[in-house]
Amino acid sequence: MIKFKRHIKVDDQVFETWFGMDIKKKGSRPNVSIFYYTDDPNEELSVHQLIKGNFTSKDEAVKYGTRFMRRMYQDMIKRETSSSEENEEETTL
């Protein structure tokens with residue numbers, strides 16, 4: 001598996017994300033799968049999670065993986081801000 005790191009910018013925050021790419025031949029065509037790591041892949045407890053498979057090129061897989069993680073981080077930020085706003089409302093009541 002190929003392991004690499006990307007910095008994904010969401011608004012004013014930058015997230016360091018580790019990806020993995022597995023390339024297998026299916027006949028004469030490549031079959032590329034993209035994964036993300038929960039931590040540095042050299043750490044013992046880090047695991048990889050499949051994002052999506054069956055890509056025909058590395059570039060296509062990397063672009064999809066980057067967009068997937070950006071949306072995930074955006075959703076995470078949105079949930080954090082909405083939960084902190086709810087907590088503020090509860091303390092003022």
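Residues Asp22 and Val32 fail the side-chain proximity criterion, which asks for heavy atoms closer than 4.5 Å.
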Original post:
Can Met1 and Phe35 be said to form a side-chain contact (heavy atoms from CB on, under 4.5 Å), step by step?
Top reply: CA-CA 10 Å; Met1 183 174 306; Phe35 300 84; 3.9 Å; yes
Original post:
Given the rule in the side-chain contact (heavy atoms from CB on, under 4.5 Å) test, do Ile8 and Val14 qualify, once you have shown the distances and angles that lead to the verdict?
Top reply: CA-CA 6 Å; Ile8 299 175; Val14 178; over 6 Å; no
**OP:** Begin with the C-alpha distance, continue with both residues' side-chain angles, and end with the deciding distance and a verdict on side-chain contact (heavy atoms from CB on, under 4.5 Å) for Thr17 and Tyr73.
**Re:** CA-CA 11 Å; Thr17 306; Tyr73 291 137; 2.7 Å; yes
**OP:** Apply the test ring-ring contact (aromatic ring centres under 6.0 Å, His included) to residues Phe19 and Phe4: give CA-CA distance (whole Å), side-chain angles for both, the deciding distance (0.1 Å), then the verdict.
**Re:** CA-CA 5 Å; Phe19 289 98; Phe4 58 96; 5.6 Å; yes
Subject >> Test side-chain contact (heavy atoms from CB on, under 4.5 Å) applied to Asp39 and Leu45, step by step >> reply: CA-CA 8 Å; Asp39 198 2; Leu45 298 176; over 6 Å; no
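Of the possible polar contacts, one joining the Asp40 side chain to the Asn42 backbone as a donor-acceptor pair under 3.5 Å is found. Here the side chain of Asn31 pairs a donor or acceptor atom with the backbone of Asn54 at under 3.5 angstrom. Counting only distance, with no hydrogens or angles, the side chain of Ser46 and the backbone of Tyr37 share no donor-acceptor pair below 3.5 Å.
Gly53 and Ser33 get closest at one heavy-atom pair: CA-OG, 3.6 Å. In this structure, Phe55 and Ala61 approach most closely via the heavy-atom pair CD1-CB, 3.6 Å.
A distance of 12.0 Å separates NZ in Lys52 from CD1 in Ile34, rounded to the nearest 0.5 Å. We find the CD-CH2 distance between Glu43 and Trp18 to be 10.5 Å, quoted to the nearest 0.5 Å. In this structure, the separation between CD1 on Ile23 and OG on Ser57 is 9.5 Å, given to the nearest 0.5 Å. The CE atom of Met69 lies 6.0 Å from the CD1 atom of Ile51; values are rounded to the nearest 0.5 Å.
When Glu80, Gln74, Met72 are each tested for a side chain to side chain contact (heavy atoms under 4.5 Å, CB included) with Met76, only one passes: Glu80.
Linking Ile, Leu, Val, Met, Phe, Trp and Tyr residues whenever their side-chain heavy atoms come within less than 4.5 Å leaves Phe68 and Val47 in two separate clusters.
Applying the side-chain hydrogen bond (donor to acceptor under 3.5 Å, both in side chains) test to pairs two or more places apart or on separate chains, those with a residue in residues 60-71 are Thr56-Glu60.
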